[in-house]
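Both backbone and side-chain heavy atoms feed into the values below; hydrogens, waters and symmetry mates do not. A, B, ... follow the sequence lines: proteins, then strands. Residue 1 opens every chain.
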Amino acid sequence: MPLRVYNTLTGRKEDFEPIQPGKVGMYVCGVTVYDYCHIGHARANIVFDVIYRYLRFAGYDVNYVRNYTDVDDKIIRRAQERGVESRKLAEEFIGAFDEDMAALGLDIPTCQPRATEHIGQIVDIIQNLIDRKMAYEAGGDVYYSVEKFPGYLKLSKRNMEEMRAGTRIAPGEGKINPMDFALWKAAKPGEPFWESPWGKGRPGWHIECSAMSMKYLGESFDIHGGGKDLIFPHHENEIAQSEGATGKPFVKYWLHNGFVNVNQEKMSKSLGNFFTIRDILKKYDPEIVRFFLLTAHYRSPIDFSDKNLEDARTGLTRFYETLKAAGETLSNHVPDDTSCVTLTPEAREIFDRIEVLEDRFSEAMDDDFNTALAIGHLFEAVRGMNRIMGAEEYSECPLLLAALRDARDKLVKLGGVLGLFGADPTLWLERKASRGLQEKGLEKERIEALIEERRTARANRDFARADAIRDELAEKGVILLDSKEGTTWRMK
RNA sequence: GGCCCCGUCGCCAAGUGGUAAGGCAGAGGUCUGCAAAACCUCCAUCACCAGUUCGAAUCUGGUCGGGGCCUCCA
């Protein structure tokens, strides 16, 4: 089955056919670096990280470009507020962005260009647009003339007349049409600037993405991504600039991810209801955040809440518990040919399910990157593995052990495509436990002492005391697990 | 006001024409001194109404409810 993607431009799912067979050029709008990233940025970047990973998994040679917009009105304003150079400010938040993305386990794109390093390309495109009469200079500013581009608003599917009704030309702007947008802005005193044919100034928002994407991916490329909120005006204007300058189709597939909501409402800076990635990572393991974000389809809105994050933690823990148990089973049990002469129908069924796991996974991902469905299939593998491990009478059976190993390896491999299950299960679970202890203000030694006391009580058949200890710990979120090998504990 | 999206089990969430994946929670069972974990079994007819169709959660129209974009925003 071919990969199908939902294309904002056509409003439909389409078969994915890259311009050059086997190769994919993908550009994703990065961040404007003037503040810390929030969970919405995390979603966008994780979504496209997974798309990047899956395309490679599917055999494509992917050129993934994600930019930093490091010159912009907001950066300048924030820098002035803080009394620092805007370049310094941008540098600081590029560093913060890189840290956040690394913490979230993102693969590094093939190319991470910065707007300020491409002023030459930007000026060239603007000049080209002026030469083609698609843009005009006015008092040191340069504006794009949207009426000159017949395809304007084809991405956002709006109506020029109605759009115009709501806009007006601000004082000091030399726009001919209120819908026109700035390609170049003349520098005001104290602002950073570059020399240009129109005097000292800086690029407007949008043009940097046209310049960088076309420089690294060519005038036409396959995928352009970003959050839904970038459809208008940012991506609409990118199309106008790029196609206006080249006369060629700019992007084949436009992909947009949905928002992160808080209490069913869009999270945004203007509403003030946003959570930074750093704050969230103080409370939750990065992989939990990733897992949570991938349990919804990338185009759907997702509601951010403690309840949902805790559900995600429970779910991800289930994977790691099973992976850990599988690892232990595989190293503790030696295959012995005599231990399984006949295979039950149930075992057969589990084998079959493991057999088709990868196909199921790919089928889900081929349908517009349906990570939620893909994760559902992975949960079934977990159940299969636990069933194998529960079948004690066959614990040395080579067939079952081989199936278990196969399932474990597939789970890790396919999880890797989602950026999941990459940690050592034992370490991951220990980290989770110690984080839980810290939150509850508990100490490992204290718990282990109580477990020892309970062991003695149980040995003396003093079950009242044993149960009292268990209840006491349970109240603090510590769950005891008795087995033949002894008692272990975990955080709820 | 214009354009667009959504409304699936208590909660989260897939499914876009052939009679509802998965997770969490819940019920019963196996295991256990009792539990927990794990496993097994059970648990929805898809906001509402009217159509199209042999057949609709899936298509059309309407109603109600929620949200987004139109200004910086992932």
Side-chain angles (χ1 to χ4, degrees), chain A residues 8 11 13 28-32 34-35 37-48 72-74 77 153 156-159 161-167 170 205 225-234 256-261 264-271 274 291-292 295-297 299-303 305 307-316 318-319 321-322 325 346 360 364 367 370-380 382-392 458 461-464 466-467 470-471 473-474 478-484 487-490 492:
Chain A
T8 306
K13 279 186 199 169
V28 173
C29 290
V31 280
T32 299
Y34 71 103
D35 206 345
C37 287
H38 55 62
I39 180 77
H41 295 108
R43 183 179 198 191
N45 283 286
I46 285 172
V47 160
F48 287 102
D72 162 271
D73 292 352
K74 291 189 295 294
R77 195 187 327 128
L153 303 181
S156 54
K157 297 165 181 61
R158 290 164 204 273
N159 174 305
E161 296 312 309
E162 280 150 2
M163 294 285 296
R164 201 174 316 192
T167 54
W205 184 41
K228 270 192 161 78
D229 48 353
L230 294 181
I231 295 171
F232 187 88
H234 186 55
H256 293 97
N257 65 276
F259 295 129
V260 176
N261 292 158
Q264 326 286 350
E265 224 180 19
K266 179 189 171 182
M267 183 180 76
S268 77
K269 299 209 168 164
S270 46
L271 289 171
F274 64 93
F291 185 84
F292 160 67
T295 52
H297 185 90
R299 283 189 283 117
S300 309
I302 190 168
D303 206 50
S305 69
K307 161 82 166 63
N308 289 344
L309 265 292
E310 273 153 28
D311 279 359
R313 171 163 52 204
T314 306
L316 185 57
R318 187 165 148 82
F319 278 101
E321 290 283 2
T322 297
E346 292 81 57
R360 286 280 130 76
D367 187 12
N370 194 336
T371 54
L373 182 58
I375 288 173
H377 294 318
L378 298 184
F379 266 113
E380 297 205 14
V382 165
R383 185 143 39 90
M385 289 165 74
N386 284 329
R387 282 178 71 171
I388 290 174
M389 290 187 278
E392 283 189 38
R458 289 178 76 203
R461 303 195 67 77
D462 180 3
F463 295 120
D467 292 352
R470 188 173 62 202
D471 293 346
L473 286 171
V478 179
I479 297 168
L480 299 187
L481 303 106
D482 293 333
S483 76
K484 289 186 190 70
T487 300
T488 56
W489 61 275
R490 48 174 287 200
K492 197 178 174 200

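Going from atom CG of A/D35 over to atom C1' of B/C73 covers 12 Å, rounded to whole Å. Spacing between atom CE of A/M267 and atom P of B/G68 amounts to 13 Å, rounded to whole angstrom units. For the pair A/L230 CG and B/C69 P, the computed distance is 12 Å after rounding to whole Å. Whole-Å rounding puts the A/F292 CZ to B/A13 P distance at 8 Å. Rounded to whole angstrom, the span from the CZ atom of A/R299 across to the P atom of B/G68 amounts to 19 Å. Summarising the geometry, the separation between CZ on A/R77 and C1' on B/C72 is reported as 8 Å, rounded to the nearest angstrom. A/N45 places its CG atom 14 Å from the C1' atom of B/C73, with the value rounded to the nearest Å. Per the geometry, OH belonging to A/Y34 stands 12 Å off P belonging to B/C72, to the nearest Å.
Distance noted for atom C1' between B/G17 and B/A56: 6 Å (whole Å). Nucleotides B/A47 and B/C64 have their C1' atoms positioned 8 Å apart, rounded to a whole Å. Look at the C1' atom in both B/A21 and B/C54: the space between them is 27 Å, to the nearest Å. Between B/G7 and B/U58, the distance separating the two P atoms is 11 Å to the nearest Å. A distance of about 15 Å separates the P atoms of B/G22 and B/G15, rounded to the whole Å. B/A74 and B/G61: their C1' atoms are spaced 36 Å apart (whole Å). Nucleotides B/G62 and B/G1 are separated by 15 Å at their P atoms, to the nearest Å. B/G29 and B/U19 have their C1' atoms separated by 30 Å, with the value rounded to a whole Å.
Looking at heavy-atom distances under 4.0 Å, A/M389 makes no contact with the nucleic acid at all. Among the heavy atoms of the strands lying under 4.0 Å from A/G258 is at least one base atom, whether or not backbone atoms are also near. Within 4.0 Å of A/G40, counting heavy atoms only, lies at least one base atom of the nucleic acid. Within 4.0 Å of A/K266, counting heavy atoms only, lies at least one base atom of the nucleic acid. Within 4.0 Å of A/V47, counting heavy atoms only, lies no atom of the nucleic acid at all.
Residues A/R490 and A/E321 are paired through a salt bridge, judged by an N-O separation under 4.0 Å between the basic side chain and the carboxylate. Salt bridge absent: A/K74 and A/D35 never bring a charged side-chain N and a carboxylate O closer than 4.0 Å.
A/R318 meets the side-chain hydrogen bond (donor to acceptor under 3.5 Å, both in side chains) test with no other residue; sequence neighbours excluded. For A/R458, the side-chain hydrogen bond (donor to acceptor under 3.5 Å, both in side chains) partners are A/D482, not counting sequence neighbours. Judged as a salt bridge (Lys or Arg N to Asp or Glu O under 4.0 Å), and not counting sequence neighbours, the contacts of A/R299 are A/D368. Considering only residues two or more places apart in sequence or on other chains, A/K492 meets the salt bridge (Lys or Arg N to Asp or Glu O under 4.0 Å) condition with none of them. A/F379 pairs by the ring pair (Phe, Tyr, Trp, His ring centres under 6.0 Å) definition with A/F319, not counting sequence neighbours. By the side-chain hydrogen bond (donor to acceptor under 3.5 Å, both in side chains) test, A/T8 is found to be paired with A/H256, residues two or more places apart in sequence or in another chain being considered. Under the rule for a ring pair (Phe, Tyr, Trp, His ring centres under 6.0 Å), the partners of A/H234 that lie at least two apart in sequence or sit in another chain are A/W205, A/H206. In this structure A/T322 satisfies the side-chain hydrogen bond (donor to acceptor under 3.5 Å, both in side chains) test together with A/N386, sequence neighbours excluded.
Nucleotide B/G51 has B/C59 as its partner under the Watson-Crick or G-U criteria, with both atom distances under 3.5 Å. Pair assignment for B/G7: B/C64, on the basis of Watson-Crick or G-U wobble contacts that are both within less than 3.5 Å. Applying the Watson-Crick and G-U wobble criteria (two distances, each under 3.5 Å), B/A38 pairs with B/U30. Using the Watson-Crick or G-U wobble rule with both distances under 3.5 Å, B/C72 pairs with nothing in any strand shown. Pair assignment for B/C46: none, as no Watson-Crick or G-U wobble contacts are both less than 3.5 Å.
Heavy-atom distances to RNA chain B give each of A/N261 and A/H41 a nearest nucleotide, and the one nearer the 5′ end belongs to A/N261.
Put simply, OG1 on A/T295 and CD1 on A/I302 are 5.0 Å apart, with the number rounded to the nearest 0.5 Å. Between the CG atom in A/L309 and the CD1 atom in A/I39 there is a gap of 7.0 Å [rounded to 0.5 Å]. The CD atom of A/E380 sits 13.5 Å away from the CD1 atom of A/I375 when rounded to the nearest 0.5 Å.
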Expected rows: protein N/O vs nucleotides 14-16 of chain B N/O, under 3.5 Å:
| residue | atom | partner | partner atom | Å |
| --- | --- | --- | --- | --- |
| B/A14 | OP1 | A/H297 | N | 2.5 |
| B/A14 | O3' | A/N370 | ND2 | 2.8 |
| B/G15 | OP1 | A/N370 | ND2 | 2.9 |

N/O-N/O pairs, protein side and nucleotides 2-4 of chain B side, under 3.5 Å:
| residue | atom | partner | partner atom | Å |
| --- | --- | --- | --- | --- |
| B/G2 | O2' | A/E162 | OE1 | 2.4 |
| B/C3 | O2' | A/K157 | O | 3.3 |

Would you tabulate the nitrogen or oxygen pairs shorter than 3.5 Å linking the protein to nucleotides 56-60 of chain B?
none

What one-letter contact string describes nucleotides 22-38 of chain B from 5' to 3', where B marks a base within less than 4.0 Å of any protein heavy atom, S marks contact via sugar-phosphate atoms alone, and - marks no contact? SBS--------BBBBSS
Carefully, step by step, assess A/L373 and A/D367 under the rule side-chain contact (heavy atoms from CB on, under 4.5 Å). CA-CA 10 Å; A/L373 182 58; A/D367 187 12; 6.0 Å; no
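Inter-residue side-chain proximity for A/M267 and A/F259 is flagged as unmet; no heavy-atom pair is nearer than 4.5 Å. Annotation: side chain of A/D311 is not in contact with side chain of A/F292 (no heavy-atom distance under 4.5 Å).
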